[in-house]
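I have placed the structure first, in the form of structure tokens, so that the comments after it can refer back to it.
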Amino acid sequence: MEKWTPKHEAPEPLEGPVVATITGGTILWFVLFLAQLPFYGWFDDRGTTWWVWTCLAGAGLGLIGIWYVRGREAAIKRDAESRAATAAE
């Protein structure tokens, strides 16, 4: 079997409001968690409490995602400033 090689270059990644997108998703997961809490007994009776905990896990992972993308945005900005300063010299 031969090694697979791409026939064309991959497109550039899309850049957009990444921090806002991740923050919105995190808020959505947390709201879903809070909305399901009053019905915890109903979920427990049916053995589907994992739905509630999945929403909490999504909110927790979203917090990690917010931390990550904010650091990424700051690093991109620092790199752009560094390149601009180097080019100006």
> Among pairs that include at least one residue of residues 16-26, which meet side chain to side chain donor-acceptor pair (under 3.5 Å), considering only residues two or more places apart or in two chains?
Replying inline: none

> By ring pair (Phe, Tyr, Trp, His ring centres under 6.0 Å), which residues pair with Trp51, not counting sequence neighbours?
Replying inline: Phe43

> Can you pull the salt bridge (charged side-chain N to carboxylate O under 4.0 Å, His left out) pairs that have at least one residue in residues 30-40, sequence neighbours excluded?
Replying inline: none

>> Hydrophobic clusters here meaning ILVMFWY residues chained together by side-chain heavy-atom distances under 4.5 Å, can you tell me if Leu37 and Leu32 are in one?
In response: no

> Members other than Ile27 in its cluster, when Ile, Leu, Val, Met, Phe, Trp, Tyr link by side-chain heavy atoms under 4.5 Å?
Replying inline: Val31

> Is it true that Trp53 and Phe39 fall in one hydrophobic cluster, defined by side-chain heavy atoms closer than 4.5 Å?
Replying inline: yes

>> Holding to side-chain contact (heavy atoms from CB on, under 4.5 Å), I want the full list of residues that pass it with Ile64, two or more places apart in sequence or in another chain.
In response: Leu61

> Can you list every pair that meets salt bridge (charged side-chain N to carboxylate O under 4.0 Å, His left out) and has a residue in residues 39-55, with sequence neighbours left out?
Replying inline: none

> Sequence neighbours excluded, which residues qualify as side-chain contact (heavy atoms from CB on, under 4.5 Å) partners of Phe30?
Replying inline: Phe33, Leu34, Ala59

> Are Ile22 and Val19 grouped together when hydrophobic residues (ILVMFWY) are joined by side-chain heavy atoms under 4.5 angstrom apart?
Replying inline: yes

> Who passes side chain to side chain donor-acceptor pair (under 3.5 Å) against Glu15, sequence neighbours left out?
Replying inline: Arg72

> At what distance, to the nearest 0.5 angstrom, does CH2 of Trp50 lie from OG1 of Thr48?
Replying inline: 7.5 Å

> If you look only at pairs with a residue in residues 33-42, which of them pass as a side chain to side chain donor-acceptor pair (under 3.5 Å), with sequence neighbours excluded?
Replying inline: none

>> Considering only residues two or more places apart or on different chains, which pairs with a residue in residues 48-60 satisfy salt bridge (charged side-chain N to carboxylate O under 4.0 Å, His left out)?
In response: none

> What salt bridge (charged side-chain N to carboxylate O under 4.0 Å, His left out) pairs are there with at least one residue in residues 76-86, not counting sequence neighbours?
Replying inline: Asp79-Arg83

